[in-house]
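Working notes, structure below.
The analysis underlying the following values was restricted to heavy atoms, covering all of them including side chains, and did not include hydrogens, waters or symmetry mates. This structure is a prediction, so every number in the text was calculated from the model and none was measured. Sequence positions, counted from 1, serve as the residue numbers for this chain.
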Amino acid sequence: MSSHQGIEGLPKSGGGKIIAVHLNYPSRAAQRGRTPEHPSYFLKPWSSVSGTDGTVERPVGAELLAFEGEIAIIIGAAARRVRVEDAWQHVSGVTAANDFGLYDLRSADKGSNLRSKGGDGYTPLGPSVIPAEQIDPAALRVRTWVNGVVVQDDTSDTLLFPFAQLIADLSQLSTLEPGDVILTGTPAGSSVVVPGDVVEVEVDAPTAPGTPTSGRLVTTVVEGTEPFGGFGAKPAADDHQRIEAWGDAAAAGLPAPAEPPTAASPAEPLDPAVAEQLASVSTATLSAKLRARGYTEVFIEGVHASRPGTRMVGVARTLRFVAYRPDLFAERGNGFNAQKRIFDTVEAGEIIVIEARGERGTGTVGDVLALRAQQRGAAGVVTDGGIRDAEQVAAFDLPTFSQGPHPSVLGRRHVPWETDVAITCGGATVLPGDVIVGDGDGVIAIPRALAAEVAAEAVVQEAEDAWIAEQVRGGAAVDGLFPLNAEWRARYESEQGR
């Protein structure tokens, strides 16, 4: 393995920190099937650093050594609790990096990446550093070649978390010191290499004067000769790790993994007969039938209809708000945000259920969005927060249930975050596709699989309750009548022709 002694800006004798970002390019996030809300990191030991024209060993018994071409940031001035707008001033330069990893040891690492990514030579850097003052950090390019073929090609203007954000975030808790290195994530295209393969990584600034470049960082893969001892975990590959290492199932020579089972589609309409039954019974009766099955936390507490006498039946679509924070609202609160998306896509027979954390001190829906939902045929809106433009909304045909009116705009207390996920509204868990029923007593959420049988039982129960009420109006005492004892039940069933 080649020494790193000649890379300007790095400690000559080691001892700096190498901090790597897990996911940062949208192309890689799409490949992984997940997009993080915030950056996350892991450490690599300084002993893993090497320079260009070196080798990296695939250990005996391992099969899943993968490359990851990256842009490496080199810290030039100590950074502690720096602001995002000041962060780039603490960078001395950037260079090419290859974040090699051994997927055969990922499970044994249990998330630390110490052995899987910390081996000698597993962090080649160089060969040259591009000075920070010569470049726009959002105008860098990283490319990777394997045996002369380009396999990765992406630019820093696509990053989920720009360089300055990474520096500011990390410096909140740890001082970044001169010579520390941040590996800023790899784009799609990372895959497995085998002994004999030659991997090259280059970082450049194509639009900067003189088109500065790191030069090609060259690493050759070699086969290890020393087997693992019997005193620690040995390399172990499974199909999941093969798919992760190669990039996808096809590249790994495996069939595509089966899709996980999904809940009933929120757009799947409720059976009209079931809907009719639910519309004819009270939430109180439905609550009793669910309680008999062990479901005690299905009532959405604290919400009331905007208009007395409102009844509502439909299938849940869900919207979640998180507590207000200026940076998050700037990121997610503007434009065609989650709140606007769900009101603009709700379908006939669906009810928008909003988790507002029980915070009634601001509006979560107003007249324009309510009107849009009505125009699309929505069956209602439920929020455990407030409603703006309350009088106008109450006048619509759209059933609405809330904690009450409030004139404030959304950004006072909430950030619209995501749609069609499990939420907690008024203390009740609501899943997309649950059946929602509302009346003068409030709103209840029924698991979709139970809706038909609960509805049928509730219809029977209410017929019985109506007969009991008729007897009370006729002067009968409630003792033995409510609930029916054997004598009264026999009379009831006789009158019903049973």
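At a threshold of 4.5 Å between non-hydrogen side-chain atoms, the residues Val198 and Val218 count as touching. Contact annotation: the side chain of Val381 approaches that of Leu398 to within less than 4.5 Å [non-hydrogen atoms, C-beta and beyond]. Within the 4.5 Å cutoff, no side-chain heavy atoms of His414 are placed close to those of Val322. Residues Val382 and Ile354 fail the side-chain proximity criterion, which asks for heavy atoms closer than 4.5 Å. Side chains of Val21 and Leu166 form a contact here, defined as non-hydrogen atoms less than 4.5 Å apart. Inter-residue side-chain proximity for Glu70 and Val203 is flagged as unmet; no heavy-atom pair is nearer than 4.5 Å. Contact of the Phe100 side chain with the Thr123 side chain is not registered, since no non-hydrogen atoms from C-beta on lie closer than 4.5 Å. Side-chain atoms of Leu65 and Tyr122, non-hydrogen and from C-beta on, do get closer than 4.5 Å to each other.
More than 12 heavy atoms of other residues, nucleotides or ligands sit less than 6.0 Å from atom CD of Glu223. For OH of Tyr295, the number of neighbouring non-hydrogen atoms (other residues, nucleotides, ligands) closer than 6.0 Å is 12 at most. In the displayed structure, Glu133 atom CD is contacted under 6.0 Å by more than 12 heavy atoms of other residues, nucleotides or ligands.
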### Message
Assess the residue pair Gln241 and Ser107 against the criterion (side-chain contact (heavy atoms from CB on, under 4.5 Å)); give the C-alpha distance rounded to whole Å, side-chain angles, the decisive distance to 0.1 Å, and a yes or no.
### Response
CA-CA 9 Å; Gln241 298 299 350; Ser107 295; 3.5 Å; yes
#### Entry: Worked verdict on Glu355 versus Thr318 for side chain to side chain donor-acceptor pair (under 3.5 Å)
CA-CA 8 Å; Glu355 175 188 333; Thr318 59; over 6 Å; no
### Message
Assess the residue pair Leu183 and Ile19 against the criterion (side-chain contact (heavy atoms from CB on, under 4.5 Å)); give the C-alpha distance rounded to whole Å, side-chain angles, the decisive distance to 0.1 Å, and a yes or no.
### Response
CA-CA 6 Å; Leu183 307 183; Ile19 304 170; over 6 Å; no
### Task
Show your working on side chain to side chain donor-acceptor pair (under 3.5 Å) between Asn24 and Thr184 and close with a plain yes or no.
CA-CA 7 Å; Asn24 202 9; Thr184 59; 5.3 Å; no
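At distances below 3.5 Å, at least one donor-acceptor pair connects side-chain atoms of Arg32 with backbone N or O atoms of Glu244. Between the side chain of Glu68 and the backbone N or O of Asn98, no donor-acceptor pair lies under 3.5 Å. In this structure, Thr52 contributes its side chain and Gly126 its backbone to no donor-acceptor pair below 3.5 Å. Side chain of Lys234 to backbone of Gly61: no donor-acceptor contact under 3.5 angstrom is found. Of the possible polar contacts, one joining the Ser27 side chain to the Ala188 backbone as a donor-acceptor pair under 3.5 Å is found.
No salt bridge links Arg106 with Asp109; every basic N to acidic carboxylate O contact stays at or beyond 4.0 Å. Taking a cutoff of 4.0 Å between a charged side-chain nitrogen and a carboxylate oxygen, Arg80 and Glu177 do not qualify as a salt bridge. Here Lys17 pairs with Asp180 in a salt bridge; the nearest charged N to carboxylate O distance falls below 4.0 Å. For Asp239 and Arg242, the salt-bridge test passes: some basic side-chain N is under 4.0 Å from an acidic carboxylate O. The residues Arg357 and Asp384 are annotated as not salt-bridged, no charged nitrogen and carboxylate oxygen being separated by less than 4.0 angstrom.
Of the residues Ile436, Thr383, Ile342, the one that meets the side-chain contact (heavy atoms from CB on, under 4.5 Å) test with Val353 is Ile436.
What you find for Ala79 and Ile167 is that their closest heavy atoms are CB-CG2, 4.5 Å. Across every non-hydrogen atom of Pro206 and Asp204, the tightest pair is CD-O, 3.5 Å. Heavy atoms only, all atoms of each residue included: Pro124 and Gly51 are closest at CB-O, 4.2 Å. Across all non-hydrogen atoms, the minimal contact from Gln165 to Pro39 is NE2-CD, 4.0 Å. Of all the heavy atoms in Pro416 and Phe329, the pair that sits closest is CD-CE1, 4.2 Å. Taking both residues in full, the closest heavy atoms of Ala249 and Pro255 are given as CB-O, 3.5 Å, listed atom of the first, atom of the second, then distance.
Between His22 and Phe42, the angle of the ring planes lies from 30° to 60°, which puts this pair in the tilted group.
Atoms CH2 and CD, from Trp246 and Glu63 in turn, are 9.0 Å apart once rounded to the nearest 0.5 Å.
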